[in-house]
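Note sheet for the following structure.
Model, not experiment: these values are computed from the prediction. All residue numbers in this chain count up from 1 along the given sequence.
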Amino acid sequence: MQKTSSRLLALLSLLQTRRDWSGDDLAERLGITPRTVRRDIDRLRELGYPIQTFKGPAGGYRLDAGSQLPPLLFDDGQAVALALALQAAATSTTIGEDAQRALATVRQVMPSRLRHRIDLLRITAVRPPGTGHAAPVDSRTLVELSDVIHARAELRFDYGRDLAATAERPRRTQPHHLVTWHGHWYLVAWDLDREDWRVFRVDRVRPRTPTGPRFTPREIPGGDVGAFVTSRFRGNDGTRTDWPCQGQVILDLPATVAAPFAQDGIVEALGPDRCRLTLGSWSWTGLAAALGRFDTDIEVVGPPELKDACAQLATRYAKAARGTRHPFPR
(Lines give C-alpha, C1' and ligand atoms only; values in the text may rest on other atoms or scores of the structure.)
Protein backbone atom coordinates (compact mmCIF):
# COMPACT_ATOMS: atom_id res chain seq x y z
CA MET A 1 0.00 0.00 0.00
CA GLN A 2 1.20 3.50 -0.79
CA LYS A 3 2.28 5.82 1.96
CA THR A 4 -0.48 8.14 3.13
CA SER A 5 1.13 11.30 1.70
CA SER A 6 1.73 9.88 -1.78
CA ARG A 7 -1.73 8.26 -1.74
CA LEU A 8 -3.35 11.62 -0.94
CA LEU A 9 -1.50 13.25 -3.82
CA ALA A 10 -2.62 10.48 -6.18
CA LEU A 11 -6.22 10.86 -4.97
CA LEU A 12 -6.10 14.63 -5.44
CA SER A 13 -4.67 14.21 -8.93
CA LEU A 14 -7.59 11.95 -9.89
CA LEU A 15 -10.16 14.38 -8.49
CA GLN A 16 -8.66 17.16 -10.60
CA THR A 17 -8.91 15.20 -13.87
CA ARG A 18 -12.70 15.00 -14.13
CA ARG A 19 -15.88 16.26 -12.54
CA ASP A 20 -17.28 13.22 -10.67
CA TRP A 21 -15.77 10.05 -9.26
CA SER A 22 -17.55 7.20 -7.53
CA GLY A 23 -15.97 5.85 -4.37
CA ASP A 24 -15.58 2.41 -5.95
CA ASP A 25 -13.79 3.85 -9.01
CA LEU A 26 -11.35 5.76 -6.83
CA ALA A 27 -10.70 2.69 -4.69
CA GLU A 28 -10.03 0.58 -7.76
CA ARG A 29 -7.69 3.16 -9.34
CA LEU A 30 -5.69 3.59 -6.14
CA GLY A 31 -5.72 -0.06 -5.09
CA ILE A 32 -7.29 0.65 -1.71
CA THR A 33 -10.62 -0.01 0.00
CA PRO A 34 -13.64 2.34 -0.20
CA ARG A 35 -13.26 2.92 3.52
CA THR A 36 -9.70 4.18 3.00
CA VAL A 37 -10.99 6.47 0.23
CA ARG A 38 -13.47 8.01 2.67
CA ARG A 39 -10.74 8.59 5.25
CA ASP A 40 -8.44 10.15 2.66
CA ILE A 41 -11.24 12.41 1.42
CA ASP A 42 -11.68 13.65 5.00
CA ARG A 43 -7.94 14.36 5.25
CA LEU A 44 -8.01 16.41 2.02
CA ARG A 45 -10.97 18.39 3.35
CA GLU A 46 -8.99 19.18 6.48
CA LEU A 47 -6.23 20.56 4.22
CA GLY A 48 -8.71 22.97 2.64
CA TYR A 49 -9.81 21.14 -0.49
CA PRO A 50 -13.59 21.63 -1.08
CA ILE A 51 -14.59 18.07 -1.92
CA GLN A 52 -18.32 17.53 -2.18
CA THR A 53 -20.20 14.26 -1.79
CA PHE A 54 -22.96 13.51 -4.27
CA LYS A 55 -25.68 10.91 -4.07
CA GLY A 56 -26.20 8.09 -6.49
CA PRO A 57 -26.26 4.33 -6.85
CA ALA A 58 -22.69 4.10 -5.58
CA GLY A 59 -22.20 7.64 -4.25
CA GLY A 60 -19.22 9.68 -5.17
CA TYR A 61 -17.10 12.81 -4.90
CA ARG A 62 -16.28 15.95 -6.82
CA LEU A 63 -13.70 18.68 -6.28
CA ASP A 64 -15.46 22.05 -6.23
CA ALA A 65 -14.18 25.61 -6.23
CA GLY A 66 -13.81 27.07 -2.75
CA SER A 67 -13.61 30.49 -1.14
CA GLN A 68 -9.84 30.17 -0.76
CA LEU A 69 -7.19 28.81 -3.10
CA PRO A 70 -5.80 25.58 -1.61
CA PRO A 71 -2.50 24.05 -2.66
CA LEU A 72 -2.62 22.86 -6.27
CA LEU A 73 -1.16 19.72 -7.75
CA PHE A 74 0.33 19.70 -11.27
CA ASP A 75 2.04 16.95 -13.15
CA ASP A 76 5.31 17.75 -14.96
CA GLY A 77 3.65 18.61 -18.27
CA GLN A 78 1.11 20.92 -16.63
CA ALA A 79 3.80 22.69 -14.62
CA VAL A 80 5.94 23.36 -17.70
CA ALA A 81 2.91 24.56 -19.70
CA LEU A 82 1.91 26.89 -16.87
CA ALA A 83 5.39 28.40 -16.61
CA LEU A 84 5.61 28.99 -20.37
CA ALA A 85 2.15 30.59 -20.43
CA LEU A 86 3.16 32.92 -17.60
CA GLN A 87 6.34 33.89 -19.46
CA ALA A 88 4.24 34.87 -22.49
CA ALA A 89 1.73 36.75 -20.32
CA ALA A 90 4.50 38.72 -18.60
CA THR A 91 4.62 41.15 -21.56
CA SER A 92 0.95 42.08 -21.13
CA THR A 93 0.19 45.68 -20.21
CA THR A 94 -2.74 44.41 -18.14
CA ILE A 95 -1.47 41.41 -16.15
CA GLY A 96 2.26 41.52 -16.86
CA GLU A 97 3.35 42.30 -13.29
CA ASP A 98 1.00 39.71 -11.79
CA ALA A 99 2.21 37.13 -14.31
CA GLN A 100 5.84 37.78 -13.38
CA ARG A 101 5.08 37.36 -9.68
CA ALA A 102 3.09 34.18 -10.35
CA LEU A 103 5.95 32.79 -12.44
CA ALA A 104 8.43 33.48 -9.64
CA THR A 105 6.14 31.71 -7.17
CA VAL A 106 5.64 28.68 -9.40
CA ARG A 107 9.33 28.38 -10.18
CA GLN A 108 10.28 28.57 -6.51
CA VAL A 109 8.23 25.52 -5.55
CA MET A 110 9.18 23.43 -8.59
CA PRO A 111 11.48 20.43 -8.22
CA SER A 112 14.99 21.14 -9.45
CA ARG A 113 14.51 18.98 -12.56
CA LEU A 114 11.53 21.11 -13.65
CA ARG A 115 13.27 24.39 -12.83
CA HIS A 116 16.11 23.30 -15.09
CA ARG A 117 13.68 22.54 -17.92
CA ILE A 118 11.98 25.91 -17.52
CA ASP A 119 15.31 27.74 -17.54
CA LEU A 120 16.23 25.98 -20.79
CA LEU A 121 12.86 26.90 -22.29
CA ARG A 122 13.03 30.60 -21.52
CA ILE A 123 11.12 32.50 -24.21
CA THR A 124 10.68 36.11 -25.16
CA ALA A 125 7.12 37.07 -26.14
CA VAL A 126 7.18 39.71 -28.87
CA ARG A 127 4.20 42.00 -29.15
CA PRO A 128 2.62 42.38 -32.60
CA PRO A 129 3.71 45.48 -34.54
CA GLY A 130 1.76 48.56 -33.56
CA THR A 131 1.02 47.38 -30.01
CA GLY A 132 4.18 48.66 -28.35
CA HIS A 133 2.36 51.72 -27.03
CA ALA A 134 -0.84 49.94 -26.03
CA ALA A 135 -2.37 51.75 -23.09
CA PRO A 136 -2.42 49.72 -19.88
CA VAL A 137 -5.79 48.49 -18.66
CA ASP A 138 -6.54 48.17 -14.95
CA SER A 139 -7.31 44.51 -14.27
CA ARG A 140 -9.99 45.69 -11.81
CA THR A 141 -11.81 47.36 -14.72
CA LEU A 142 -11.73 44.09 -16.68
CA VAL A 143 -13.14 42.21 -13.69
CA GLU A 144 -15.83 44.86 -13.18
CA LEU A 145 -16.88 44.74 -16.83
CA SER A 146 -16.88 40.94 -16.78
CA ASP A 147 -19.17 40.96 -13.76
CA VAL A 148 -21.61 43.33 -15.46
CA ILE A 149 -21.61 41.22 -18.65
CA HIS A 150 -22.29 38.07 -16.63
CA ALA A 151 -25.08 39.81 -14.69
CA ARG A 152 -26.63 41.11 -17.94
CA ALA A 153 -27.01 44.55 -16.41
CA GLU A 154 -26.98 47.86 -18.25
CA LEU A 155 -23.77 49.84 -17.82
CA ARG A 156 -23.10 53.58 -17.84
CA PHE A 157 -19.55 54.80 -18.31
CA ASP A 158 -17.49 57.85 -19.21
CA TYR A 159 -15.58 57.39 -22.43
CA GLY A 160 -12.65 59.20 -24.03
CA ARG A 161 -8.89 59.51 -24.26
CA ASP A 162 -8.80 61.95 -21.34
CA LEU A 163 -11.34 60.62 -18.85
CA ALA A 164 -10.62 63.44 -16.41
CA ALA A 165 -11.52 66.12 -18.95
CA THR A 166 -14.34 64.46 -20.89
CA ALA A 167 -17.48 66.59 -21.08
CA GLU A 168 -19.69 64.10 -22.88
CA ARG A 169 -22.60 62.60 -21.05
CA PRO A 170 -22.10 58.97 -19.97
CA ARG A 171 -22.65 56.26 -22.54
CA ARG A 172 -25.56 53.94 -21.77
CA THR A 173 -24.98 50.41 -22.98
CA GLN A 174 -25.93 46.78 -22.80
CA PRO A 175 -22.48 45.12 -22.53
CA HIS A 176 -22.02 41.78 -24.26
CA HIS A 177 -18.37 40.74 -24.69
CA LEU A 178 -14.79 41.58 -23.76
CA VAL A 179 -12.31 40.89 -26.57
CA THR A 180 -8.67 41.59 -27.39
CA TRP A 181 -7.45 42.88 -30.75
CA HIS A 182 -3.83 43.78 -31.58
CA GLY A 183 -2.83 44.30 -27.95
CA HIS A 184 -5.90 46.29 -26.89
CA TRP A 185 -8.95 45.28 -24.85
CA TYR A 186 -12.37 46.17 -26.28
CA LEU A 187 -15.91 46.11 -24.92
CA VAL A 188 -18.58 45.06 -27.44
CA ALA A 189 -21.91 46.55 -26.43
CA TRP A 190 -25.28 47.77 -27.69
CA ASP A 191 -25.39 51.57 -27.37
CA LEU A 192 -28.84 52.45 -26.06
CA ASP A 193 -28.74 56.11 -27.15
CA ARG A 194 -27.40 55.43 -30.66
CA GLU A 195 -29.41 52.23 -31.06
CA ASP A 196 -26.50 50.42 -32.65
CA TRP A 197 -23.60 48.11 -31.84
CA ARG A 198 -20.37 49.78 -30.72
CA VAL A 199 -16.83 48.60 -29.94
CA PHE A 200 -15.18 50.58 -27.09
CA ARG A 201 -11.52 50.69 -26.05
CA VAL A 202 -11.46 49.49 -22.43
CA ASP A 203 -8.54 51.75 -21.50
CA ARG A 204 -10.87 54.69 -22.31
CA VAL A 205 -13.77 53.36 -20.24
CA ARG A 206 -14.53 54.50 -16.69
CA PRO A 207 -17.57 52.58 -15.38
CA ARG A 208 -20.16 54.40 -13.31
CA THR A 209 -22.16 52.92 -10.47
CA PRO A 210 -24.74 51.76 -9.80
CA THR A 211 -25.44 49.58 -12.82
CA GLY A 212 -28.78 49.73 -14.60
CA PRO A 213 -31.60 47.23 -14.96
CA ARG A 214 -31.11 43.74 -16.29
CA PHE A 215 -31.69 43.08 -19.98
CA THR A 216 -32.21 40.21 -22.37
CA PRO A 217 -29.06 39.98 -24.52
CA ARG A 218 -29.41 40.71 -28.23
CA GLU A 219 -27.75 38.47 -30.78
CA ILE A 220 -24.47 39.77 -32.16
CA PRO A 221 -24.79 40.45 -35.92
CA GLY A 222 -23.72 37.27 -37.66
CA GLY A 223 -23.80 35.37 -34.35
CA ASP A 224 -20.00 35.28 -33.92
CA VAL A 225 -18.30 37.95 -31.82
CA GLY A 226 -14.88 37.26 -33.38
CA ALA A 227 -16.25 37.69 -36.90
CA PHE A 228 -18.21 40.77 -35.81
CA VAL A 229 -15.15 42.55 -34.39
CA THR A 230 -13.04 41.63 -37.42
CA SER A 231 -15.76 43.00 -39.69
CA ARG A 232 -16.07 46.28 -37.78
CA PHE A 233 -12.34 46.92 -37.85
CA ARG A 234 -12.39 46.31 -41.60
CA GLY A 235 -15.07 48.96 -42.12
CA ASN A 236 -18.04 46.59 -42.59
CA ASP A 237 -21.39 46.36 -40.82
CA GLY A 238 -20.41 43.44 -38.60
CA THR A 239 -21.93 40.67 -40.70
CA ARG A 240 -19.12 40.33 -43.28
CA THR A 241 -15.48 39.71 -42.46
CA ASP A 242 -14.06 40.54 -45.88
CA TRP A 243 -12.68 43.98 -46.72
CA PRO A 244 -15.19 46.47 -48.14
CA CYS A 245 -12.84 47.14 -51.07
CA GLN A 246 -11.28 44.15 -52.85
CA GLY A 247 -9.40 44.01 -56.13
CA GLN A 248 -7.24 41.81 -58.33
CA VAL A 249 -3.94 42.64 -59.97
CA ILE A 250 -1.22 40.85 -61.91
CA LEU A 251 2.30 41.27 -60.49
CA ASP A 252 5.51 40.70 -62.42
CA LEU A 253 6.86 38.66 -59.52
CA PRO A 254 7.08 34.96 -58.68
CA ALA A 255 4.33 33.89 -56.29
CA THR A 256 6.96 32.83 -53.75
CA VAL A 257 8.36 36.39 -53.70
CA ALA A 258 4.97 38.14 -53.41
CA ALA A 259 3.41 35.83 -50.83
CA PRO A 260 5.39 37.06 -47.75
CA PHE A 261 4.11 40.62 -48.38
CA ALA A 262 0.50 39.72 -49.20
CA GLN A 263 -0.64 39.60 -45.55
CA ASP A 264 -4.22 38.25 -45.76
CA GLY A 265 -4.33 38.45 -49.56
CA ILE A 266 -4.49 35.47 -51.94
CA VAL A 267 -1.56 34.82 -54.28
CA GLU A 268 -1.90 32.54 -57.33
CA ALA A 269 1.06 31.54 -59.47
CA LEU A 270 0.63 32.30 -63.21
CA GLY A 271 4.10 31.22 -64.23
CA PRO A 272 7.69 31.37 -63.01
CA ASP A 273 7.73 35.19 -62.93
CA ARG A 274 4.08 36.28 -62.68
CA CYS A 275 1.27 35.90 -60.16
CA ARG A 276 -2.29 37.05 -59.51
CA LEU A 277 -2.95 38.88 -56.22
CA THR A 278 -6.39 39.34 -54.63
CA LEU A 279 -6.16 41.92 -51.86
CA GLY A 280 -8.50 44.00 -49.73
CA SER A 281 -8.48 47.26 -47.80
CA TRP A 282 -10.79 49.68 -46.06
CA SER A 283 -10.75 52.07 -49.07
CA TRP A 284 -9.81 52.00 -52.76
CA THR A 285 -7.06 54.55 -52.20
CA GLY A 286 -5.70 52.47 -49.32
CA LEU A 287 -5.72 49.37 -51.52
CA ALA A 288 -3.95 51.17 -54.38
CA ALA A 289 -1.31 52.46 -51.98
CA ALA A 290 -0.76 48.96 -50.53
CA LEU A 291 0.12 47.63 -53.98
CA GLY A 292 3.16 49.90 -54.13
CA ARG A 293 4.99 47.85 -51.54
CA PHE A 294 5.53 45.05 -54.07
CA ASP A 295 7.92 47.29 -56.08
CA THR A 296 7.13 45.84 -59.48
CA ASP A 297 5.00 46.45 -62.58
CA ILE A 298 1.28 46.06 -61.87
CA GLU A 299 -1.62 45.23 -64.17
CA VAL A 300 -5.00 46.00 -62.60
CA VAL A 301 -7.53 43.29 -63.40
CA GLY A 302 -10.37 45.08 -61.64
CA PRO A 303 -12.65 46.49 -60.52
CA PRO A 304 -12.77 49.94 -62.19
CA GLU A 305 -12.67 51.65 -58.77
CA LEU A 306 -9.19 50.26 -58.19
CA LYS A 307 -8.00 51.53 -61.58
CA ASP A 308 -9.37 55.00 -60.75
CA ALA A 309 -7.65 54.97 -57.36
CA CYS A 310 -4.32 54.01 -58.96
CA ALA A 311 -4.69 56.89 -61.44
CA GLN A 312 -5.41 59.36 -58.64
CA LEU A 313 -2.39 58.19 -56.67
CA ALA A 314 -0.21 58.38 -59.79
CA THR A 315 -1.18 62.03 -60.22
CA ARG A 316 -0.45 62.83 -56.59
CA TYR A 317 2.91 61.06 -56.63
CA ALA A 318 3.86 62.76 -59.91
CA LYS A 319 3.19 66.14 -58.33
CA ALA A 320 5.23 65.12 -55.30
CA ALA A 321 8.12 64.06 -57.54
CA ARG A 322 8.05 67.43 -59.34
CA GLY A 323 7.89 69.28 -56.07
CA THR A 324 4.49 70.78 -56.92
CA ARG A 325 2.74 72.09 -53.86
CA HIS A 326 -0.71 73.32 -53.18
CA PRO A 327 -0.75 76.94 -52.00
CA PHE A 328 -1.47 77.32 -48.30
CA PRO A 329 -2.63 80.59 -46.72
CA ARG A 330 -0.01 82.16 -44.53
Any sub-3.5 Å donor-acceptor pair from Ser146's side-chain atoms to Leu142's backbone N or O? yes
Rounded to the nearest 0.5 angstrom, the CD1-CG distance for Ile51 and Asp42 is 9.0 Å
Taking Ile32's backbone N and O only, do any of them form a donor-acceptor pair with Thr36's side chain (distance below 3.5 Å, no angle check)? no
Using atom types as modelled and distance alone, determine if a side-chain donor or acceptor of Arg274 lies under 3.5 Å from a backbone N or O of Ile250. no
Side-chain donor/acceptor of Arg232 to backbone N/O of Trp197, under 3.5 Å: yes
Nearest heavy-atom pair of Gly212 and Ala153: which atoms, and what distance? O-CB, 3.8 Å
Which hydrophobic side chains are connected to Leu277, either touching it within the sub-4.5 Å cutoff or through other members that do? Val249, Leu251, Leu253, Val257, Phe261, Val267, Leu279, Trp284, Leu287, Leu291, Phe294, Ile298, Val300, Leu306
Kindly indicate whether the side chain of Trp243, heavy atoms from C-beta on, has any atom under 4.5 Å from the side chain of Arg234. yes
Looking only at non-hydrogen atoms, find the nearest pair between Pro175 and Ile149 and report the distance. CB-CG1, 3.8 Å
Got a donor-acceptor contact below 3.5 angstrom from the Trp21 side chain to the Leu14 backbone? yes
May I ask you to decide whether Asp196 forms a salt bridge with Arg194, counting only side-chain N to carboxylate O separations under 4.0 Å? no
Kindly give the heavy-atom pair with the smallest separation between Tyr159 and Arg201, and that separation in Å. OH-N, 2.9 Å
Taking the six-membered ring for Trp, are Phe200 and Tyr186 closer than 6.0 Å centroid to centroid? no
Just so I know, are the side chains of Arg198 and Leu187 near enough to count as touching, which here means a heavy-atom distance under 4.5 Å? no
Please round to the nearest 0.5 Å and tell me the distance separating atom CZ of Arg38 and atom OG1 of Thr53. 10.5 Å
Please round to the nearest 0.5 Å and tell me the distance separating atom CZ of Arg152 and atom CZ of Arg214. 9.5 Å
Report the residues that fulfil side-chain contact (heavy atoms from CB on, under 4.5 Å) with Arg43, sequence neighbours left out, ordered by chain and then residue number. Thr4, Arg7, Leu8, Arg39, Asp40
Are Phe215 and His176 an aromatic pair, judged by ring center distance below 6.0 Å? yes
For the residue pair Leu145 and His150, establish whether any side-chain heavy-atom pair is separated by less than 4.5 Å. no
Of all residues at least two apart in sequence or in a different chain, which pass the side-chain contact (heavy atoms from CB on, under 4.5 Å) check with Asp193? Arg169, Arg172, Asp191
With side chains defined as the heavy atoms from C-beta onward, is the minimum distance between Asp273 and Asp252 less than 4.5 Å? no
In terms of heavy-atom contacts, Pro170 and Asp158 come closest through CG-OD1, 4.0 Å
Flag the pair Arg276 and Glu299 as a salt bridge only when some basic side-chain nitrogen lies within less than 4.0 angstrom of an acidic carboxylate oxygen. no
Which atom pair, heavy atoms only, marks the closest approach of Arg45 to Gln52? NH2-C, 4.0 Å
What's the separation between atom CZ in Arg322 and atom OH in Tyr317, rounded to the nearest 0.5 Å? 15.0 Å
What heavy-atom pair brings Leu15 and Leu44 nearest, and what distance separates the two atoms? CD1-CD1, 4.2 Å
Look only at the side chain of Thr173 and the backbone of Leu155, and say whether a donor-acceptor pair between them is shorter than 3.5 Å. yes
Could you tell me whether Arg293 atom CZ has more than 12 heavy atoms of other residues or ligands within 6.0 Å of it? yes
Donor-acceptor pair, Tyr61 side chain versus Leu26 backbone, under 3.5 Å? no
Does a side-chain heavy-atom distance below 4.5 Å link Phe233 with Val199? yes
